[in-house]
Amino acid sequence: MAKYVVLLGSPGAGKGTQADILTKETGLAHISTGDLFREHIAQKTELGILAQSLMDKGEFVPDDLTIAMVKERISRADCEQGVILDGFPRNPVQADATKLMLNAMGSSVSVVPYIIVPEDVLIQRLSGRWTCRNSGHVYHTMFSPPEKEGICDLCGAELYQRVDDTVETVKKRLRIYMERTSPLIDYYRKQGKLVEIEGDQPIDSVTKDLLATLKK
Ligand code: AMP
């Protein structure tokens, strides 16, 4: 049976990093709405042009556009075994849409790991983050620097700092997360699907805890 995992956690909690690893370990597809929007921006699509101005300010892209984008992505063949949703759903409207979307596929959300990281650590993590333009791999100036400054170890492409990873925008994104996304913690807890994961530990320890949760 297909598995649908919703990874919860604030920006900087490590959702993207962990989802990349879990995808390799489990064969589930990784759907990151942030990455999908960044692809639209790179391709200069209509959605990308709209998303860019909102994302740069740390604001959300409208629900209807975001939901339609996920619906299309989740219907593709590589999602047959299930998916890891990263950055979606991000508010109660999107959570209800997720339920409807999966019900229509004869399924439902399987489990919701919630990666918990203290706010001071989040700010430190996000403001030192550098991303590869080509592979999307994420580095950190202090915790996981690339071998050569500004260059991706994996593919040699250039690294860049996301416009929304500057300190002011990071603080705004964390505020918006608290207001709009944190209600999902109770939403999934009430359904008995939430599993709390300690996120302020080494990457491989977090992966181990997540894999144990997914196996249950
Ligand atoms: P992320 O890569 O998950 O940190 O997302 C980066 C930005 O993309 C967010 O700050 C939002 O502007 C936008 N975004 C990503 N996912 C969503 C979503 N589910 N709903 C609305 N906007 C989103």
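Predicted, not measured: the structure shown is a model, and the values here were computed from it. Side-chain atoms are counted along with the backbone in the values below, which use heavy atoms only and exclude waters and symmetry mates. Whatever order the structure lists them in is the order used to number ligands and atoms, beginning at 1.
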Inset, instruction - Calculate, to the nearest 0.5 Å, the distance between atoms CD1 and NZ belonging to Ile115 and Lys15 respectively. - result: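 Separation between the atoms: 7.5 Å.
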Legend entry - Interatomic spacing from CD in Gln18 to CD1 in Ile197 - rounded to 0.5 Å: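 The CD1 atom of Ile197 is 9.0 Å from CD of Gln18, to the nearest 0.5 Å.
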Legend entry - Flag, side chain of Ser182 to backbone of Glu179, donor-acceptor distance under 3.5 Å: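 Side chain of Ser182 to backbone of Glu179, a donor-acceptor pair under 3.5 Å: no, none is there.
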For [atom], the protein heavy atom that lies nearest, with its residue and separation:
atom                    : answer
atom 23 (C) of ligand 1 : Phe37 CE1, 3.7 Å
atom 2 (O) of ligand 1  : Arg38 NH2, 2.8 Å
atom 5 (O) of ligand 1  : Arg90 NH2, 3.5 Å
atom 16 (N) of ligand 1 : Thr33 OG1, 2.8 Å
atom 22 (N) of ligand 1 : Val61 N, 3.1 Å
atom 11 (C) of ligand 1 : Glu59 O, 3.5 Å

Legend entry - Residue pair Tyr160 / Thr131, side-chain heavy-atom distance below 4.5 Å: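 Yes, side chains in contact.
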Inset, instruction - Examine the proximity of ligand 1 to Phe60 and report which part, side chain or backbone, both or neither, has a heavy atom under 4.0 Å away. - result: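 Within the 4.0 Å criterion, Phe60 contacts ligand 1 through backbone and side-chain atoms alike.
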Inset, instruction - Decide whether the shortest distance between a heavy atom of Lys57 and an atom of ligand 1 is less than 4.0 Å. - result: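 Distance cut 4.0 Å: Lys57 fails for ligand 1.
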Inset, instruction - Check whether any heavy atom of Arg162 sits under 4.0 Å from an atom of ligand 1. - result: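 Distance cut 4.0 Å: Arg162 passes for ligand 1.
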Legend entry - Interfacing atoms of ligand 1 (cut-off 4.0 Å, heavy-atom, Gln94):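 Heavy-atom distances to Gln94 below 4.0 Å select 18 (C), 19 (N), 20 (N), 21 (C).
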Inset, instruction - Could you tell me which atoms of ligand 1, counted from 1 in the order shown, lie closer than 4.0 angstrom to a heavy atom of Thr66? - result: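 Going through ligand 1 atom by atom, the ones under 4.0 Å from Thr66 are 18 (C), 19 (N), 20 (N), 21 (C).
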Charged N-O contact under 4.0 Å between [X] and [Y]:
X      : Y      : answer
Asp96  : Lys99  : no
Asp164 : Arg162 : yes
Asp165 : Arg125 : no
Glu119 : Arg175 : no

Inset, instruction - For atom 7 (C) of ligand 1, state which one of Met55, Gln52, Lys15 supplies the nearest heavy atom. - result: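 Considering heavy atoms of Met55, Gln52, Lys15, the nearest to atom 7 (C) of ligand 1 sits in Met55.
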Inset, instruction - For a side-chain contact (heavy atoms from CB on, under 4.5 Å) with Met69, tell me which candidate from Thr33, Val61, Asp64, Ile74 qualifies. - result: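 So the option named by the test is Thr33.
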Inset, instruction - Output yes when the distance from some N or O of ligand 1 to some N or O of Gly87 is under 3.5 Å, and no in every other case. - result: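 Yes.
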